[in-house]
2 protein chains.
Amino acid sequence: MRSKNETSGQKRSFIEKARRAQIITAAVDTIAEVGYPNASLARIADTAGISKGVISYHFAGKDELMDQVVTDIYTEIGESVLPRIMEQQNAADMLRAHVRGVAGYALTHPGRMATLTQIFTHARKADGTPRYGAAETEALYEPLENLYRAGQDSGEFRDFDVRVMAVTQQAALDAMFSYCSLHPDHDLMAYAHELSELLVRAIRADPPSPAPM
Amino acid sequence: MRSKNETSGQKRSFIEKARRAQIITAAVDTIAEVGYPNASLARIADTAGISKGVISYHFAGKDELMDQVVTDIYTEIGESVLPRIMEQQNAADMLRAHVRGVAGYALTHPGRMATLTQIFTHARKADGTPRYGAAETEALYEPLENLYRAGQDSGEFRDFDVRVMAVTQQAALDAMFSYCSLHPDHDLMAYAHELSELLVRAIRADPPSPAPM
DNA sequence: TCATTTTTTGACCGCATGGCCAGAATCTAG
DNA sequence: CTAGATTCTGGCCATGCGGTCAAAAAATGA
C-alpha cells in the first residue's frame, strides 16, 4: 500500500509524477475525443496504454483525476491569456484581449477547452448534483467583474449590472467553442473578433462626441 | 401486443393519451428535480406512481419519451412567446420581447426550461454523440437571424454577423436560466431587462444624432 | 356472465460503470 | 544475489441502467 495520495499530498516520486501526467494527458485526449460520459476509466487507461488499475493506484478516484485535469488546464489558460490582457492600456482592449486570448489558446490547444466544458457540464457528485457548481463559476466571474468596474470608473463603460454581463460573457465564450467545434468550417478567430465587438458595444459608454460631419 | 406506437402513429385511445401525458409530466418533474443523468426510467415511473414497465408499454423507449417532452415544451414556449414578439413595432422591441417573453415563460413554468436544457446537454445517442445537435440548434438560430436581418434592413441595427449574434443570444438566455436557478435570490425579470439592454446595444446602429446639448 | 383485449406488474436480462484486490512483475538497496 | 518496497495486471464485485417478458389484473363487449 501507500500512505501518500492524501489531500495533504506532498512530494511525489519522480516516476509517480510522470505517471500522473501521462494519465492526465490520456484523460484529456479521451474526453475531447469521445465526450465525458463515454470517457470511462477503462477507456482512459486504454488511451494511455496501461491497465485500469493503475489509475486507481495513482489517483484516489475518478473525481481526483478530473480535479487535476481541470486545475492543469485552468493554470495553462491563465498563463497564456493573462499576459495578453495585462499589456493592454484600457478596459475595452482588455476585454477584447480576453476574448481573443482565450480563443487563441483554444486554437493552440484543440481539445483542452472542450474537455473543460465537458467536465463542467457532466461531472456529478455521488448525490447527482453537479460537481463544479456555483463556487467554481464564481471564480470565473470575479475577474471579469473587476475588469468591468475598472472600465466604469474610468468612464469607458456605462453603468450596467456587472454580474449579468459576466455571466453573459462567459456563456458567450463557451458557446463560441461549442459552435466552432461543431462547425469546424467557421473561423474561430473571426468569430472571436466579432464577439469581442458585440461585447464591447454592449457596455461601452454612450459616445459623448457627435457623429462626424 | 399492440400495433400502434409506430412513428407513423395516429389516433390513440383516450386513456392512452392520458397515460402518456401523465408520464411526460412525471418525466419533466423528475428531470427538473434530480437532473437528466439521475432521471432513470425507474425514477420517472416512481414519480408517476406507476411501474417501470408502463413507460416501455406506452413509449418506444426513453428516446421517444424525451422527444415528446422536448416537443411539448417547445410548443408551449412558442405559443407563449410568439404573440408577444409579433405585437411589437420594431426589431429592437421584438428582441427585447423575445428575451423577456422567454424569461416570463420560465417564471410561469418553473422547471420546464431547466428540463429542456438538461435534455439538450445530456441526452446522447447510442454511439455517445449528443442526441440533439446541430440540426436542432439550427432551428433556434434561424428565427433570431431573421429578426436581426429585418432590423438591419430597416436601419435599426448595424452590420454584424447574425450567426455569431444568434449563438451568443441563445447562450446568454441559457446562462440566464442556469444562473437564476442556481441563485434563486436573483430576480429573473430584472436580469432579463438588463440582458435585453445588453443585447440591443451590442447590435444597434450607431446613433446618428449627436449627444444632447 | 364470461371470453377477449388492453393494461399493469415485478422479476429478470445483458451490459457498462467505478472501484477493489490478490498476485505477478519490476525496481531498489544492501 | 537477495529481500523488500513499489508498481502493475487482469479479473472480480456491487450497482444501476434501459429494456423485455410471462403472468396477473382490469377493462371491455356480447
Side-chain angles (χ1 to χ4, degrees), chain A residues 1-6 9 11-23 26-27 30-31 34-69 118-119 122-128 131, chain B residues 1-6 9 11-23 26-27 30-31 34-69 118-119 122-128 131:
Chain A
M1 289 305 132
R2 68 212 310 278
S3 59
K4 300 183 242 175
N5 252 356
E6 303 307 318
K11 46 190 169 184
R12 307 185 189 280
S13 74
F14 176 77
I15 176 170
E16 166 128 8
K17 275 202 284 190
R19 260 281 180 271
R20 283 176 65 101
Q22 177 194 8
I23 293 171
T30 307
I31 294 173
V34 302
Y36 185 90
N38 293 83
S40 63
L41 289 184
R43 197 149 186 177
I44 293 172
D46 196 61
T47 300
I50 58 178
S51 175
K52 190 179 54 164
V54 184
I55 299 180
S56 297
Y57 179 74
H58 289 284
F59 294 89
K62 196 181 187 182
D63 288 346
E64 198 215 325
L65 212 200
M66 293 304 134
D67 286 344
Q68 280 304 316
V69 170
Q118 284 283 315
I119 294 178
H122 290 108
R124 309 238 150 190
K125 301 188 233 180
D127 62 11
R131 188 162 154 73
Chain B
M1 290 305 132
R2 67 209 313 277
S3 59
K4 300 184 245 174
N5 252 355
E6 305 305 319
K11 45 189 170 184
R12 306 186 189 281
S13 75
F14 176 77
I15 177 171
E16 166 128 7
K17 275 202 284 190
R19 259 280 181 272
R20 283 176 65 101
Q22 177 195 7
I23 294 171
T30 307
I31 294 174
V34 303
Y36 184 90
N38 293 83
S40 63
L41 289 184
R43 196 149 186 179
I44 293 172
D46 196 61
T47 300
I50 57 179
S51 175
K52 187 177 57 162
V54 183
I55 299 180
S56 297
Y57 180 73
H58 289 284
F59 293 88
K62 196 180 187 181
D63 288 346
E64 198 215 325
L65 212 201
M66 293 303 136
D67 285 344
Q68 281 303 316
V69 170
Q118 284 284 314
I119 295 178
H122 289 107
R124 309 238 149 190
K125 300 188 234 182
D127 61 11
R131 187 163 152 74

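Proteins come first, then strands; the chains are lettered A, B, ... in the order of their sequence lines, and each starts at number 1.
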- Query: Expressed in angstrom and rounded to an integer, what is the separation of B/Gln22 atom CD from C/dT7 atom P?
  - Reply: 14 Å
- Start with the C-alpha distance between A/Arg131 and A/Asp67, add both sets of side-chain angles, then the distance that settles salt bridge (Lys or Arg N to Asp or Glu O under 4.0 Å), and finish with yes or no. CA-CA 10 Å; A/Arg131 188 162 154 73; A/Asp67 286 344; 2.6 Å; yes
- Task: Round to a whole Å and report the spacing from CG of B/Asp46 to C1' of D/dC17.
- Result: 16 Å
- Side-chain donor or acceptor of B/Arg20 paired with backbone N/O of B/His58 under 3.5 Å: yes
- Message: So for atom CZ, which belongs to A/Arg43, do other residues, nucleotides or ligands contribute more than 12 heavy atoms lying within a distance under 6.0 Å?
- Response: no
- Query: Between D/dG19 atom C1' and B/Leu65 atom CG, what is the distance in whole Å?
  - Reply: 13 Å
- Item | Any N/O donor-acceptor pair, B/Ser51 side-chain to C/dG10 base, under 3.5 Å | yes
- Query: What's the OH-C1' distance between A/Tyr36 and C/dT17, to the nearest Å?
  - Reply: 11 Å
- Does A/Tyr36 have A/Lys62 sitting over its ring (NZ/CZ under 6.0 Å from centre, angle to axis within 45°)? yes
- Task: For A/Gly53 and for A/Ala39, locate the closest nucleotide of DNA chain C by heavy-atom distance; then report the residue assigned to the nucleotide nearer the 5' terminus.
- Result: A/Ala39
- Message: From CG of B/Leu41 over to P of D/dG19, roughly how many Å is that when rounded to an integer?
- Response: 6 Å
- Side chain of B/Lys62: nearest nucleotide among D/dG18, C/dG19, C/dT8? D/dG18
- Note on the structure: note: A/Asp127, atom CG; D/dT15, atom P; distance rounded to Å ~ 18 Å
- Message: Starting the side chain at C-beta, find the nucleotide from C/dA11, C/dT8, C/dG19 nearest to B/Arg19.
- Response: C/dT8
- Note on the structure: Which of D/dG19, C/dG18, D/dC8 is nearest the side chain of B/Lys52? It is D/dG19
- Query: D/dT7 phosphate, OP1 or OP2: any side-chain N/O from A/Tyr57 under 4.0 angstrom?
  - Reply: yes
- Note on the structure: In terms of heavy-atom contacts, A/Val34 and A/Ala39 come closest through CG2-N, 4.0 Å
- Could you please name the option among C/dT6, C/dT9, C/dC20 that lies closest to any side-chain atom of B/Ile50? C/dT9
- Task: Measure from CZ on A/Arg131 to P on C/dG18 and round the result to the nearest Å.
- Result: 14 Å
- Query: Closer than 4.0 Å, any side-chain N/O of A/Ser56 to the OP1 or OP2 of C/dC20?
  - Reply: no
- Rounded to the nearest Å, what distance is computed from the CD1 atom of residue A/Ile55 to the P atom of nucleotide C/dG19? 10 Å
- Against the side chain of A/His58, the closest entry in D/dT7, D/dG11, D/dG19 is D/dT7
